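Heads up, the thing below is written out as structure tokens.
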Amino acid sequence: MNDTMKPTSRAAASTSSPRRRFLKDAAGVAGGAGLLALGAGMYARQASALPATAIRPPGALAEAAFLAACVRCGLCVRDCPYDTLRLAELGDGVATGTPYFLARDIPCEMCEDIPCVVACPSGALDRALTDIGEARMGLAVLIDQENCLNFLGLRCDVCYRVCPVIDKAITLERMHNPRSDRHAMLLPTVHSEHCTGCGKCEKSCVLPGESAIKVLPIKLAQGSKAEHYMRGWEEKDAAGESLIGEQLELPVRGLEDKAYGDTRVRPGEGPQAPPAVPDYAPARPPGGGLDSGWKP
Amino acid sequence: MNAQTTTGQATGTRPERKVPPTSVRGAAMRGVVARPGHEAIEAKGWLRAHKWLLLRRTSQFGILALFLVGPWFGWWIVKGNLSSSLTLGLLPLTDPFLIAQQLAAGQWPYREVLLGGGIVLAFYLLLGGRLFCSWVCPVNLVTDAAAWLRRRLGLKGGKAPAANTRHWLLGFVLVIAAVTGSLAWEWVNPVSMLHRGLIFGFGLAWGIVGGIFLYDLLIAPRGWCGHLCPQGAFYALLGRASLLKVSADKRRDCNDCMDCFAVCPEPQVIRPALKGVGQDHPLILDAECTTCGRCVDVCGKDVFRITTRFNRSES
Ligand code: SF4
Ligand code: SF4
Ligand code: SF4
Ligand code: SF4
Ligand code: SF4
């Protein structure tokens with residue numbers, strides 16, 4: 001009320017220590033309000049763990065910063081031409097009102113002009129992202145090797161073929177098929193360096209229900225790097241030469257004529273029999289193109 | 001509010017002191033449920049006795065409609081929601097309450113949001129902070145409905161928390177934003193949630209809105225908007241020096257029917273102006289007044305009108 005109010009009969013009749021009463025009131029009110037706000041805060045805390053299938057739009061800041069920046073206006077949702085994005089509703093498990101998409105429903109089509117980022121007024125979607133190929137919404141992981149048809153030895157390849165960054169983000173790696181012992185398996189393999197997390201692969205996986213390949217938030221999809229482990233081949237590339245000098249090649253008995261490190265034993269080969277093929281080189285498919293030659 | 005004749009200087013000479021039978025005071029004397037505003041309808045006709053209410057509902061539903069014709073019919077006049085929007089692809093508007101939380105959370109937003117927030121801020125600073133409450137906010141429809149039903153059913157009593165709880169809550173909202181580094185309040189804020197829900201889909205948000213309705217109806221009269229809502233408290237702060245004010249300029253004609261007190265969402269703001277308690281001019285300067293104009297409507301004696309803060313005249 002107006003603080004210039006004259007003492008009325010009501011005020012005069014009340015307690016003789018207005019200050020104490022005020023303090024008591026204020027404590028009660030503050031306590032109540034604090035509890036309410038704390039509840040909201042704790043709910044927010046708990047709900048800020050993003051469910052694994054909820055993927056943020058391209059250019060989204062790291063989750064913590066995103067939750068401070070996004071004003072929940074839905075302008076990104078409106079400007080997405082494919083209706084990929086949606087705003088989380090209370091109970092979705094994603095912070096209410098923030099945008100996300102489920103790749104298995106509608107993946108991101110990787111628009112060249114990235115309209116969602118352009119539309120965002122708050123900076124929650126970073127406009128520094130101008131090349132959609134640089135987006136890292138998540139990372140695809142071939143999560144179910146037991147049901148993926150290619151792992152079963154078939155040639156499905158669908159996830160590989162739909163990838164907008166085909167042959168870079170996802171490749172088919174040729175492996176020996178131990179089951180038939182005479183066929184190859186072409187294993188879809190995702191490379192974090194190029195995968196944008198658009199989810200096209202997850203969307204189009206041919207399995208009837210859940211997809212065998214899934215886009216996950218990067219935090220879930222990737223382990224942290226073992227900093228103490230030097231990758232010799234990378235160091236060698238960086239330095240232009242081996243860091244530990246040329247290696248002495250010790251002959252292995254019976255394998256004398258093979259390339260260093262090639263310890264494969266072919267039928268009829270071995271210490272007992274003389275080497276059948278003097279110049280052995282691993283066979284490669286003529287003009288294959290599928291196998292990127294990627295090494296772990 | 002208890003009926004009492006006060007000692008204000010406006011009590012001087014009054015032409016008519018007969019209390020109308022359907023008014024709050026008259027009904028209380030007869031022990032029946034009051035129909036505040038009935039007297040005004042008889043005196044001024046239904047339309048004039050609902051003028052500001054109708055204008056206000058038009059404004060509230062009109063704004064909502066502007067947001068809804070986009071998703072419903074594909075006419076994209078306004079995109080977004082009350083939190084932040086873009087009109088005709090040109091005019092950005094952002095809720096300054098959100099920007100306050102953003103800044104508290106340590107996030108400096110892009111220019112559009114700041115610009116949009118500035119425009120909205122200037123509007124409410126200039127015209128009246130809680131105009132947002134009575135002319136824009138969708139929750140107002142819910143709490144007004146609860147208050148109406150409460151009056152209609154003659155529900156009495158109930159316990160509302162202290163009216164300044166909202167200021168504490170406003171403080172805590174900002175503190176929580178700073179502590180969690182996120183817009184924590186926006187997870188549960190019924191104001192943005194209801195508006196967003198209507199446009200983008202509800203989920204369980206119905207629960208919160210329904211909760212507010214029941215809380216206002218059964219537990220605390222005017223509990224949410226009048227005591228708890230930190231967003232209303234924020235806008236009240238903006239309205240400290242704003243232009244549009246309600247004036248009880250014909251307070252000499254007041255016949256103490258108490259109808260204005262019954263319909264006012266912040267009844268405590270009326271007394272200083274109407275009864276001249278602690279002030280001599282008839283302006284309602286309290287920033288908690290939402291400038292809804294309902295008191296203007298329901299007064300059979302036409303005591304109130306909406307004017308500017310500079311008009312201290314009395315007639
Ligand atoms: S890049 Fe295109 S498809 Fe992907 S979320 Fe943005 S607007 Fe939608
Ligand atoms: S446009 Fe930006 S601020 Fe608005 S909902 Fe999308 S990410 Fe959030
Ligand atoms: S998510 Fe799948 S389709 Fe998209 S870039 Fe990554 S591997 Fe390719
Ligand atoms: S689409 Fe599915 S089943 Fe086919 S190869 Fe890819 S992950 Fe395997
Ligand atoms: S007090 Fe809050 S909920 Fe009520 S009308 Fe104002 S902003 Fe809306």
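Naming: A, B, ... by sequence-line order, numbering from 1 per chain. The structure presented is a predicted model; accordingly, all values stated were derived computationally and were not measured.
- In this structure, chain B has heavy atoms under 4.5 Å from both the backbone and the side chain of A:Arg127.
- Counting only heavy atoms from C-beta outward, the side chains of A:Leu67 and B:Trp187 approach each other to under 4.5 Å.
- The choice from A:Ala88, A:Ala124, A:Gly123 that makes the most heavy-atom pairs within less than 4.5 Å of chain B is A:Gly123.
- The closest side-chain heavy-atom distance from A:Pro121 to B:Ser84 is below 4.5 Å.
- Around CZ of B:Arg240, the count of heavy atoms belonging to other residues, nucleotides or ligands within 6.0 Å does not exceed 12.
- At a threshold of 4.5 Å between non-hydrogen side-chain atoms, the residues B:Phe200 and A:Arg72 do not count as touching.
- Put simply, the side chain of B:Asn81 never gets that close to the backbone of A:Gly74: no donor and acceptor are under 3.5 Å apart.
- Proximity to chain A at a heavy-atom threshold of 4.5 Å picks out B:Gln102, B:Ala105, B:Gln107, B:Pro109, B:Tyr110, B:Glu112, B:Val113 from residues 100-116 of chain B, in numerical order.
- Only the backbone of A:Cys120 comes within less than 4.5 Å of a heavy atom in chain B; its side chain stays farther off.
- Pairing each heavy atom of A:Ala68 with each of B:Gly181, the nearest pair is CB-O, 3.2 Å.
- With a 4.5 angstrom heavy-atom cutoff, B:Phe202 touches chain A only via backbone atoms.
- B:Leu86 has its side chain within reach of A:Leu75: a pair of non-hydrogen atoms, C-beta onward, lies under 4.5 Å apart.
- Of the atoms belonging to A:Ala65, heavy atoms from both backbone and side chain fall under 4.5 Å from chain B.
- In this structure, B:Arg196 and A:Thr96 have side chains that are in contact, with non-hydrogen atoms separated by less than 4.5 Å.
- Summarising the geometry, atom CG belonging to B:Leu98 is positioned 9.5 Å from atom SG belonging to A:Cys70; distances are rounded to the nearest 0.5 Å.
- Interface remark: B:Trp76 contributes side-chain atoms only to the contact with chain A (heavy atom separation under 4.5 Å).
- With rounding to the nearest 0.5 angstrom, the OG atom of B:Ser85 is 12.0 Å from the CZ atom of A:Arg78.
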